[in-house]
Protein chains: 2
Amino acid sequence: MPNAHDVLFRTLADPTRRAIFERLCREGEQTVGALTSKSGVSQPAVSKHLGLLRQAGLVRDRHEGRQTHYSAQLGALSPLIDWTSQMAGFWETRFDDLEDLLKRMDQ
Amino acid sequence: MPNAHDVLFRTLADPTRRAIFERLCREGEQTVGALTSKSGVSQPAVSKHLGLLRQAGLVRDRHEGRQTHYSAQLGALSPLIDWTSQMAGFWETRFDDLEDLLKRMDQ
DNA sequence: TCAATCAATAGCCAGAAGGTTATCGATCAC
DNA sequence: GTGATCGATAACCTTCTGGCTATTGATTGA
């Protein structure tokens, strides 16, 4: 049972997949065809990546006739932001502890 | 030729490896033995993970006699923080563009 | 000196992951 | 209705990855 961080890191770890997500962030909603033409891999590969991005909550799909439009869901990045600031928080806490220790030793 | 984001995401994608890094962030410097005892995998596996974390710049090693102490290098997370805020930035820019468009349409 | 301990490396294996081509269902254009 | 297009799925293959055991090198302690 992978947690939210697992899914996010794993999903964004692949360069091709992350490039697709970045493009959606930069340029907004796009069809599978448009994404495929700039991706360097085949259409099925792109579809598979989009499926994983959707499972991770990183993109939304919208069907319109026979084409599917995908767009980035930026809110899905929150756990990642939380994680990094948490790590930074631990760091600072330990640093503060060290400062305290040094201060006490100084007395 | 993978870029900095690639390396960071890929390195942090594995749960076991990320758990080791988190532990180093939370609790500070630790020996390989200490990390192994709480990791659920074998010592060679831990050493391999530490090697990858070191390659990614996420940890530092310090040799002391026959034991090796590892500690987190939090600065290595910067590219990741930059990336997320960049994505958020694109999002807001596009949102502003949409607002502008709506405003112009309104006139 | 010799046995024990710590961590890294070597070599191997199973499973996951990303890619491909082929195909299918659905929609659109004629 | 028929052929073309769009995107998802199926089936398959290859490579990468993370795990293991065994071993080695270095250091320590008896």
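Ion pair A:D14/B:R10 not flagged as a salt bridge, since none of the NZ, NE, NH1 or NH2 atoms sits closer than 4.0 Å to an Asp/Glu carboxylate oxygen.
At a threshold of 4.5 Å between side-chain heavy atoms, the hydrophobic network of Ile, Leu, Val, Met, Phe, Trp and Tyr places B:V41 and B:V59 in one connected group. Under the 4.5 Å side-chain contact rule for hydrophobic residues, B:L52 and B:L80 do not share a cluster. Placement of A:V7 and B:F9 in two distinct hydrophobic clusters is found when ILVMFWY residues are connected by side-chain heavy-atom separations under 4.5 Å, directly or transitively.
Taking atom CZ on A:R62 and atom C1' on D:dA8, their separation rounds to 18 Å, with Å as the unit. Taking atom CG of residue A:L52 and atom C1' of nucleotide D:dG7, one finds them 16 Å apart after rounding to whole Å. Between A:H69 atom NE2 and D:dC6 atom C1' there is a gap of 11 Å when expressed in whole angstrom units. Between A:Y70 atom OH and D:dG7 atom C1' the separation is 8 Å, expressed in whole Å. For A:H49 and D:dG7, the NE2 to C1' distance is 15 Å, given to the nearest whole Å. Rounded to an integer number of Å, the gap from B:L12 CG to D:dG18 P is 12 Å. Atom CD of B:Q67 and atom C1' of D:dT27 are 10 Å apart (whole Å). In this structure, the CZ atom of B:R66 is 6 Å from the C1' atom of D:dT27, given to the nearest Å.
Aromatic ring pairs are classed by plane angle as parallel below 30°, tilted from 30° to 60° and perpendicular above 60°; the pair A:F21 and B:W83 is tilted.
Nucleotides of DNA chain C lying under 4.0 Å from heavy atoms of chain A occupy a range whose first and last members, 5' to 3', are C:dG18 to C:dC28.
Less than 4.0 Å separates DNA chain C from at least one heavy atom of each of the following residues of residues 28-48 of chain B: B:T31, B:V32, B:G33, B:Q43, B:P44, B:S47.
The NE2 atom of B:H63 sits 10.5 Å away from atom NE2 of B:H69, with the distance rounded to the nearest 0.5 Å.
Smallest separation of non-hydrogen atoms from B:T11 and B:R17: O-NE, 2.7 Å.
The environment of A:R26 atom CZ is dense: over 12 non-hydrogen atoms of other residues, nucleotides or ligands sit within 6.0 angstrom.
Counting only distance, with no hydrogens or angles, the side chain of B:S47 and the backbone of B:P44 share no donor-acceptor pair below 3.5 Å.
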